[in-house]
Structures are given as structure tokens and as C-alpha cells.
Amino acid sequence: MREHQNGFHVAFVGNPNCGKTTLFNAITGSKLKVANWPGVTVEKKEGSVEFEDEKLILIDTPGIYSLSTYTIEEKVTRNCILDDDIEVIVNVVDASSLERNLYLTLQLLELGKPIVMALNMMDVVEERGMEIDLHRLPEMLCDIPIVPVSAIKKRGLDILLHAIIHHKEAVTLGQVFSYSDDIEDKISKLEVIMQAKYPNHSSARWHAIKFLEDDEEVYEEHPVDVSGVVNKSYSRQIIQSKYSYIDDIIKECLFNKSAKEAKTDKIDALLTHPVLGIFCFLLIMAFVFFLTFTLGDFIKGFLEMFLEYFSNAVSSLLSFASVAGWLQSLIVDGIIAGVGGILTFLPNIIILFIALAILEDSGYMSRVAYVMDGIMGKLGLSGKAFLPMILGFGCTVPAIMATRALETPKDRRRTMLITPFMSCSARLPIYVLLSGMFFGKWAPLVSFSMYVLGILVALLTAFVANVFDKKKNCNNLLIELPEYKRPNLRSIRVYVWNKVKDYLTKAGTTIFIASIIVWFVLNLGPHGFVTEASGSFAALAAKFIAPVLKPCGLNMWEIVVALFAGISAKEVVVTSFTVLFSNNLEGAGLLESIKAVYPSFTSANALSLMVFCLLYTPCLATIATIKKESESWKFTSSAMVFQIAVAYALSAIVYNIAAIFF
Ligand code: GDP
Ligand code: MG
């Protein structure tokens, strides 16, 4: 049997943020990204599980509100559902906001495919003292199996799987309730036309309704002549009938629905206030920085001590084994200093990610996007564009992918252009290192200002792009606010661990290789190995370019080398810096050696360097992602040129202003 060998396909479909990915992870044991805001899952993901001698291929899809498609991610889901390989659709529903979720449910039911409802977030429902009538609810929804679950507490999962397996042969007619007589009459006529032309088609009723709603894609996929029946779009009546049926369901099935809302409203009055909300956001971010610096640096101190000890030990061991001098230098000064140096920043990074995880999972980050909605609207972007930008605080690569949630290609490109200006976590080590060396107790504030500067530059860019845009678009798409939740320890652990793993992998691959390459270009010259790095290939090339950076106060060949190397991954700027100067990561030592080479290198230069690192070309992985998502080399390369130009201009301005003060 085909099914038995390949497994049968089950798609998880539901509104954004209803817990599809959490459920998918809980069942398959994967660790896909989960966050308390819509638009995180942008591609469909597959996983499999064996249950009761059956193999199930589960598919996690991007969230959708309806089966009418506007964005790329919505298309992904719609195509996936309409695909005939899908044998059972699992409609994941957030039971704590049943009303909002049922609109999609009604549409899915009209498809006439086997559907099982996973009534998720039952823990929230119970905690709030809400009650759902689990006998009446399925009665009103074509008698589909409805299984209460809690993805996060892993409750009800086996029953859900059981229901899925046993429901795969079920036949539903696709009629949940009746529209007005007039519309029902047209539906029957259209069904006949559909069946005549496509006898094997399973979703005749759904298609008939879509014809009445004047859905272009359905016309394209299944062209039939409906001119005799459809003379105008009936979409308004159809939508209204659905909502009034949902009202009936809520009246009959949901009890005690009020409770907790008052508290949320009070908090939101502050956090989503147009002015105070932004102020709160900055305050919270500042606090995160304060933590990163104080606590993070404290732990980092121990790691540095350990690294020095380790490096000395390896050094003596290698000398003892009489390993060649150049190899010793490669291992100790190149690899250990480079990769080890990056690893000492782990505490800072972990604290940043714990903070981001808590802010995301609690539902706070969507408030930030909501607050930004007004501002973004004036910039010709929807508030939705701010969500990818927030993801950019972690890593730019998923942030660029998250732009798929935006409606138009123009919005997407604009957001892709500005998202790299958000300080990703790889830039944190640069700020920590430089601000720690040059700004003493002001270090957290200086680093924080880099984050703010990044946001401002991003917004300004969007503003300018909008001014020059002749066909302005008006975006009035409001972001929906998810409920506040107590952050879940497991989700946070998974989130942070994933990020730490990425960071370690990067240290072991990209940064490892970059360290070796940097070491070689610094130690090889036209006449073989050089004793002074300034005679190396890298130095020769960099000295040629360095004068260009004079207006920014960065006309030092070491900096040019570091900036170039940093394109592989931004942390490599720090790595190269350490390898270049002294191989000693301890703040004071490095500072002294920089001062020894460049006595005039002051805080102004350091500030300018931070600004440059913040704004210039993103790392290779990001560039590749931009290319992939925009499908255009032209756009990608012009974005890079633009970013370098902005970095150059701004660091020159910052340098010249700062030079007056320092
Ligand atoms: P998706 O957009 O549908 O994939 O939703 P996610 O899986 O990303 O989850 C959205 C948010 O809901 C996350 O913060 C999850 O931790 C949370 N969540 C998911 N399932 C449950 C649940 O059963 N109970 C509670 N309390 N929270 C849940
Ligand atoms: Mg998801």
C-alpha cells in the first residue's frame, strides 16, 4: 500500500500564533522557531511520527486568517491545503480566542476534506475559568472530531494522533450551515457545473463559494464558465453569514469568556501608548544592555582568565613538542585567539538572547510593533514590517525571511533594505569590546546608542524611500495583539539553546576558517613568511585602501583588514582585531597595544568604528538570504552599495562631531 510505505500527509493549519509550531514540535520532537507573534513560520516544514503502526508525515504551515490569499506565506498554506496529497487537515485553534479562529475553520470545513480540530491552549482556557461545550461545538461543526490539547504542556497529543488516524477516511459534505436561499441556489448550480467539468474534484462546494466571492485564483486554476450564474461578487453576504454563524456558535458553546481581559487592557494602555510605549521600549532595551554589560562582563572575566591559561598551556606544550614556530603561531595566535576570543563573549550573548526570548514569548514584542504601526504608516510601510526588524536584533537571516509576511514585493524589498541596520547579536561583541576599552562606565550607554542609531537609520531610510516613491501605498493593516503570557521556561530554554548552538557552530566553522585565513594573509608576504604583519599581503592591500577611510578616522590598515574579514561574519571584526593587535583579549592589554601603534586613536575613532560596523554590508549569510528572497542580484548589490555608503557617511559625521569632544 502506498500510504503505508510513505506515510500519510497531515497538515497543521490555523491562524497565526495559535500554537501550530509548538504542537508540531511537541509531536515530532523538532525544535522549529516559536514566538508569541504572528508571521514566524514562513515556509512549510515537514516532520514525521509513528503512531499505532501508521507513519504520519506532519506539515507545519504559516498561519492564515482565511483562504483568500494575499501574501507569499498565505499562498504557501493555501497551496498546501488544496494539494491532494494532504489526507487530513488538522485545524489548530486557539481555544482562548475561539471566536477569532472560527472564521478559518468554517472555510476549511467547506473544502469537504477530512478535518480534525486540535483545540489548543486549553491550559489557558482552564486558568481563566472559561468553559467550552465540547458536545455542542462539534455538532455545530459538521461533527468533526474536536480534541482539546495543550501543546505546551504536551497534553492530549496521543488522543489527537489517534483521531487523525481514524478520521482519514471520513467524508464530509462541506456544508456547515446554510447561506441565504438565493446564495444556496447559486451554489448548487455551480456545484453541478464544477462536477460536470471536473468529476473527480473533491471540493466542489468550496469552489462554488469561491466563484461567488469572485476569487481570481480559483478561476485561473479551474476555469469554468459561470457567467450564467454569477453576475456580481457575493463576498460581502458570504462573509456576513459566516460571522453570524460564528456568533451562534459562541453563544451556544462558550461560557465565562470575560475574566482576565481587564488586566491586559490596563497594561496595554501604557505599553501601546503612542509616546509612552516607545519610551517603555527604550527603557526595557536599556535595561537589557545594562544586564548584558554588568552580569555578562563579570562572567566573561572568568572565561578570559581560562582562555589565557589555556593558551599559555598549549603554547608550552607545543614548544615542548618542538613544533615549528609558524605552526605554533597559527594555533595560538590565530585559532585560539580568534575562536577563543569569540567564545568569551558567550555570556553577553546568552543574556541578550534570554532577554529577547522573554520579551518575545510574553507577547511584548508585538506591542512594540503595534506602537510602531503609526510611525511605520507614515513611512509607507505597515507596522507588520517592524516584526522582521525586531527579529533582526537576534540574527538578520531569519529576519529577512520573515519579510515574506508582508503584502507587496515593494514592502518586502524596502524592509529587506533596512532590516540589516538593526544590530544583530554578532555585532554585540564589537560594541562590548570597543566601548569597554574606550568608554569605561559609559560603555552600556554607548552600546545602547548603537542599537538606537540602527533603528533610526532604518526608519530614516524608509522615510526617504517613501518620499521618492511616486505610487505611495496606504497600509492600514492593523497588527493583532496576542495575549500576554507568562513566558514558558521550556520555550525559552529551546530558544536560547538554539541560538547558542548557532553561535558555537559559527565559531567552529566560519570564524574558525576566517581566523586561519586572517592569520595567513597577515603572516605571508611577497617573500614568504613575514615577521612583521605590516609587511604582509593583507597589509599591503589594506594600506592601499586605508586613505579612503580618512574622513571617518579609520584610515588604518588593520581596521581595513578587520572590516573586510568581518564580511564573513561580523564577530570576525573582533577576531581580526585581536589577532592584529597583541593577541591579548584582555581590555587593557589590547588598548595599550592599539595605543602603542596609533597614539592618536581616541574614543572618537572607536565610536566611528562602531558606527561603521553597525551599518556597513551585512555578513555573507545575510547577503545570500537577501539574494534568495529578492531573487535579484541587482537589488542585492545595490543594497550593499547603499549600506556601505550610509556607513561611510554616518561614521564620518560621527567621527568629526566626536573629535570635537574627545
Ligand atoms: P504558530 O504561529 O501557530 O506556529 O504558534 P507558535 O507555535 O509559534 O506559538 C505561539 C505562542 O503560543 C508561543 O508563545 C507558544 O509558546 C504559545 N503556545 C503554543 N501552544 C500553547 C499552549 O498549549 N498553551 C499555552 N499557554 N501557550 C501555548
Ligand atoms: Mg509557527
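These numbers come from the heavy atoms of this one structure, side chains and all, not from hydrogens, waters or symmetry mates. Atoms within a ligand are numbered from 1 in the order they appear, just like the ligands themselves.
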Taking distance alone, no hydrogens or angles, what donor-acceptor pairs closer than 3.5 Å link side-chain atoms of residues 140-158 to residues at least two apart or in another chain?
unit_1 : atom_1 : unit_2 : atom_2 : d
Ser150 : OG     : Asp123 : OD1    : 3.2
Ser150 : OG     : Lys153 : N      : 3.2

Geometry only, no angles: is [X] polar-contacting ligand 1 at N/O separations under 3.5 Å?
X	result
Met122	no
Val149	no
Asp361	yes
Ala151	yes

Open item on the list: Please work out, at 4.0 Å between heavy atoms, whether the side chain, the backbone, both, or neither of Val124 comes within that distance of ligand 1.
Closed with: side chain
Task: Asn120, portion touching ligand 1 at heavy-atom distance under 4.0 Å - done: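 For Asn120, only side-chain atoms sit under 4.0 Å from ligand 1.
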Task: From Thr292 atom OG1 to Phe353 atom CZ, the distance as rounded to the nearest 0.5 Å - done: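 Answer rounded to 0.5 Å: 11.0 Å.
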Open item on the list: Can you confirm whether Phe177 sits close enough to Ile249 that some side-chain heavy atom of one is under 4.5 Å from a side-chain heavy atom of the other?
Closed with: no
Open item on the list: I want to know whether Phe345 and Tyr503 have ring centres closer than 6.0 Å.
Closed with: no
Task: Proximity of Tyr103 and Tyr243 rings by center, below 6.0 Å - done: yes
Open item on the list: Any salt bridge linking Arg136 with Glu252? Criterion: basic side-chain nitrogen under 4.0 Å from a carboxylate oxygen.
Closed with: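 A salt bridge links Arg136 with Glu252.
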- [ ] Determine whether any heavy atom of Gly63 lies closer than 4.0 Å to an atom of ligand 1.
- [x] no
TODO: Could you tell me whether ligand 1 has any atom less than 4.0 Å away from a heavy atom of Asn17?
DONE: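 It does; at least one heavy atom falls under 4.0 Å.
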Would you mind writing out the side-chain donor-acceptor pairs for residues 281-290 within the sub-3.5 Å range, not counting sequence neighbours?
none

Open item on the list: Show the atoms of ligand 1 that are less than 4.0 angstrom away from any heavy atom in Ser150.
Closed with: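 Selected atoms, number and element: 23 (O).
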Task: Closest to atom 25 (C) of ligand 1 (judged by heavy-atom distance), picking from Thr61, Val92, Asp123 - done: Asp123
